[in-house]
There are 2 protein chains.
Amino acid sequence: MTAEAPATGPNTRIQREKRELILGAALEVFSTHGFRGATIDQIAEAAGMSKPNLLYYYRSKEEIHSTLLHRLLDTWLAPLRELSAEGDPLKELRGYIRRKIEMARDFPRESRLFANEMLQGAPRVGEMLTRELKPLVDEKAKVLRQWMRAGKLGKTDPHHLIFAIWATTQHYADFDVQVRAVLGLDRAGEGRFEDAARSIEALFLEGLRPR
Amino acid sequence: MTAEAPATGPNTRIQREKRELILGAALEVFSTHGFRGATIDQIAEAAGMSKPNLLYYYRSKEEIHSTLLHRLLDTWLAPLRELSAEGDPLKELRGYIRRKIEMARDFPRESRLFANEMLQGAPRVGEMLTRELKPLVDEKAKVLRQWMRAGKLGKTDPHHLIFAIWATTQHYADFDVQVRAVLGLDRAGEGRFEDAARSIEALFLEGLRPR
DNA sequence: CTAGGATTTGTCCAATCGGTCAAAATTCTA
DNA sequence: TAGAATTTTGACCGATTGGACAAATCCTAG
């Protein structure tokens, strides 16, 4: 008998392992070539298996990409979720910037995968943006606004502040080539993330000190 | 006689017009689908001509993309070139931020084309980054550093400051879908660029006031 | 140790892609 | 307005792509 396609969910040990292996390989390929630029053969080779074997675990290229993207968003939003209304405003913001820079440093492929999707108009996660991202950002924006009203944080538009933090931190993952080219060989070592973190923190937090 | 391919340079009126028409169509297609995601047929259709006709004006898909990218870089660097060592530091920086936000608003496709190229590791303009971009940035970084030493500008790493300005402004073009989704229908009108400009200026310039 | 399911792969297919070519249509020029 | 040069296109080609299928191999429970 032909085996039922295991695409519904991981059952056996092998299925869990292979599915994970495929996602890792796909992340590598999708993040550097984009969805259409990536081929199933490339992903299969990166995962060390044949193309039909890969398609045994995921029904289509679409499904791999979609799985990757949906799984990513949670990880991606975690740093913002951690921003707590109870903490000290400046400390909380500093922590948020830190966590975002660390993600750019430790998960650049995830960042580029996400950037690729956004550049193309979010055809596959568009709905998630309004259903998950927007509510979370609105909630945290409210926290920021309360801090500002309480005089514990300089006044600025909370949404655009969050955009600015996203943009500056993710820049070091998405535009890595450019950053490295501009900094030159001597300053483009791994320390660039530490330098970036300090600069971004100083820029934003200096301007946001209550006055 | 068979006509010589006009790919060497624009000669007749028709050639100039059609070449421009093709570049416009190609910008639209490349910026939303990336290089590999775009097809010659799509570009040809967007330009209102047949595929062989398009290939009469440009020898290959590569050549169109490359032309677009090289032509773009000059436009793209213009705002930074305008930053003058003679002017008032804070006014100069404010002007630079303004110009960059205006470019994100008026030329979002160009921004996305560039972002796409960067995301993929700048395979086609990598050399231009070190030959043109780096020297320019280094020159302007020196200007910023002089201002800082003279006490006319708060101290921070000039390179990372420039990165931050790039990131925050281009974010509104490259991540437009996300920005719109988060701001919601009511705040996502054209005014969002004006709001963004004010927020970014306030954030950066407040923190950079000499103290 | 063996039967039945799970896993793997070689082979194939239709669609799409970038690009060619020769012929047709149009435009320019003398 | 005739003839030459330029511009346009239909038809075609080889390569690549996403995916299907059935046969072969592997694993594991009884």
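In what follows, every chain begins at residue 1, and chains take the letters A, B, ... in the order their sequences are listed.
Residue A:Leu54 contributes atom CG, which lies 17 Å from atom C1' of C:dA6 at whole-angstrom precision. For A:His65 and D:dG19, the NE2 to P distance is 13 Å, given to the nearest whole Å. Between the P atom of D:dT16 and the CD1 atom of A:Ile43 lies a distance of 18 Å, rounded to the nearest Å. In this structure, CZ of B:Arg36 is placed 9 Å from P of C:dG18, rounded to the nearest angstrom. Rounded to whole angstrom, the span from the CD atom of A:Glu63 across to the P atom of D:dG19 amounts to 10 Å. If you measure from atom OH of A:Tyr58 to atom C1' of C:dT7, you get 16 Å, rounded to the nearest angstrom. Between the CD1 atom of A:Ile22 and the P atom of C:dT7 there is a distance of 11 Å, rounded to whole Å. In this structure, CD1 of A:Ile40 is placed 5 Å from P of D:dG18, rounded to the nearest angstrom.
Using a 4.0 Å heavy-atom criterion, one finds that B:Ala38 contacts the sugar-phosphate atoms exclusively. Nucleic acid contact for A:Leu55: base, since at least one base atom lies under 4.0 Å from a heavy atom of the residue. When heavy atoms are screened at a 4.0 angstrom cut-off, A:Thr39 is found touching the sugar-phosphate backbone but no base atom. Among the protein residues, A:Lys18 comes within range of the sugar-phosphate backbone only, with heavy atoms under 4.0 Å from sugar or phosphate atoms but none that close to a base.
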B:Arg198 vs B:Glu194, salt bridge (Lys or Arg N to Asp or Glu O under 4.0 Å): CA-CA, chis, key distance, verdict: CA-CA 6 Å; B:Arg198 266 198 299 272; B:Glu194 194 48 45; 3.6 Å; yes

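The phosphate of D:dT7 has OP1 or OP2 within less than 4.0 Å of a side-chain N or O from B:Gln15. Between A:Tyr56 and C:dT7 there is a side-chain polar atom (N or O) within less than 4.0 angstrom of OP1 or OP2. For A:Arg59, no side-chain nitrogen or oxygen approaches OP1 or OP2 of D:dA20 to under 4.0 Å. When the side-chain nitrogen and oxygen atoms of B:Asn53 are compared with OP1 and OP2 of D:dT9, one or more of them lie within a distance under 4.0 Å.
Proximity note for B:Pro52 (side chain, C-beta onward) versus D:dA20, C:dG19, D:dT9: the nearest is D:dT9. Considering only side-chain atoms of B:Lys51, the nucleotide from D:dG18, C:dT9, C:dG18 that sits closest is C:dG18.
Between A:Glu110 and A:Leu27, some side-chain heavy-atom pair lies under the 4.5 Å cut-off. When side chains are defined from C-beta on, A:Asp195 counts as touching A:Arg187, because their heavy atoms get closer than 4.5 Å.
In B:Glu45, the CD atom is not crowded: 12 or fewer heavy atoms of neighbouring residues, nucleotides or ligands sit closer than 6.0 Å.
Summary of the strand contacts: A:Met49 and B:Gln42 both lie near DNA chain C, and taking for each the nucleotide with the nearest heavy atom, the more 5' one is attributed to A:Met49.
Taking 3.5 Å as the limit, the base of C:dG19 and the side chain of B:Lys61 contain no donor-acceptor pair of atoms between them.
Geometrically, A:Arg105 does not engage A:Tyr172 in a cation-pi contact, judged by NZ or CZ lying under 6.0 Å from the ring centre and within 45° of the ring axis.
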